[in-house]
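Below you'll find the structure, written out as structure tokens, and then a few comments.
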Amino acid sequence: MALVVTAVPTAWAAETALRAAFFPADFEQLRELLRPTMSAAARGLVVLTVVLVVPSYVLMRHLARRRLRVTAAWTRSSRDAERAPRSGDEETPG
């Protein structure tokens with residue numbers, strides 16, 4: 001539980017330290033310059049994520065069902081192969 005509680009503050013502190021160590025003072029000016037473009041891109045990604053929730057859920061269910069069918073067919077065929085007599089197992093007459 002302690003890791004869950006401390007994860008976000010630790011990440012925030014690490015990010016703040018990295019920004020202070022590696023980004024020059026001009027970086028804030030660059031952020032101000034790119035803010036309108038990046039805001040539009042971020043909003044577009046949020047919209048794209050929301051739109052793709054249902055198709056990705058449907059695709060996930062489809063792939064899971066297909067995998068279950070393939071696994072079931074493979075299990076049946078391997079079980080049938082175990083039950084079938086092998087060529088060396090047959091009794092010879094006489």
Side-chain angles (χ1 to χ4, degrees):
M1 183 66 168
L3 290 176
V4 173
V5 172
T6 59
V8 172
T10 303
W12 177 73
E15 180 183 350
T16 302
L18 287 172
R19 281 180 186 244
F22 294 111
F23 292 129
D26 297 338
F27 185 70
E28 292 301 320
Q29 292 174 350
L30 180 63
R31 285 182 66 190
E32 289 297 323
L33 179 68
L34 293 176
R35 179 165 283 152
T37 304
M38 297 308 289
S39 294
R43 287 184 185 117
L45 288 175
V46 168
V47 169
L48 182 66
T49 301
V50 170
V51 168
L52 291 178
V53 166
V54 173
S56 63
Y57 179 75
V58 170
L59 178 64
M60 179 193 66
R61 288 184 53 92
H62 168 72
L63 293 174
R65 282 190 195 129
R66 188 172 83 182
R67 178 63 184 238
L68 288 173
R69 280 195 305 267
V70 168
T71 304
W74 178 80
T75 304
R76 275 194 306 273
S77 66
S78 65
R79 191 175 29 210
D80 294 342
E82 289 174 0
R83 291 183 186 160
R86 296 184 183 121
S87 59
D89 294 343
E90 300 161 358
E91 292 184 26
T92 57

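Computed from a prediction, not measured in an experiment: that's the story for all the values here. For this chain, numbers begin at 1 and follow the sequence in order.
In this structure, Gln29 and Glu32 have side chains that are not in contact, with every pair of non-hydrogen atoms separated by 4.5 Å or more.
One finds the CG atom of Leu63 at 4.5 Å from the CG atom of Leu59 (value rounded to the nearest 0.5 Å). Between the CE atom in Met60 and the CZ atom in Arg65 there is a gap of 10.0 Å [rounded to 0.5 Å].
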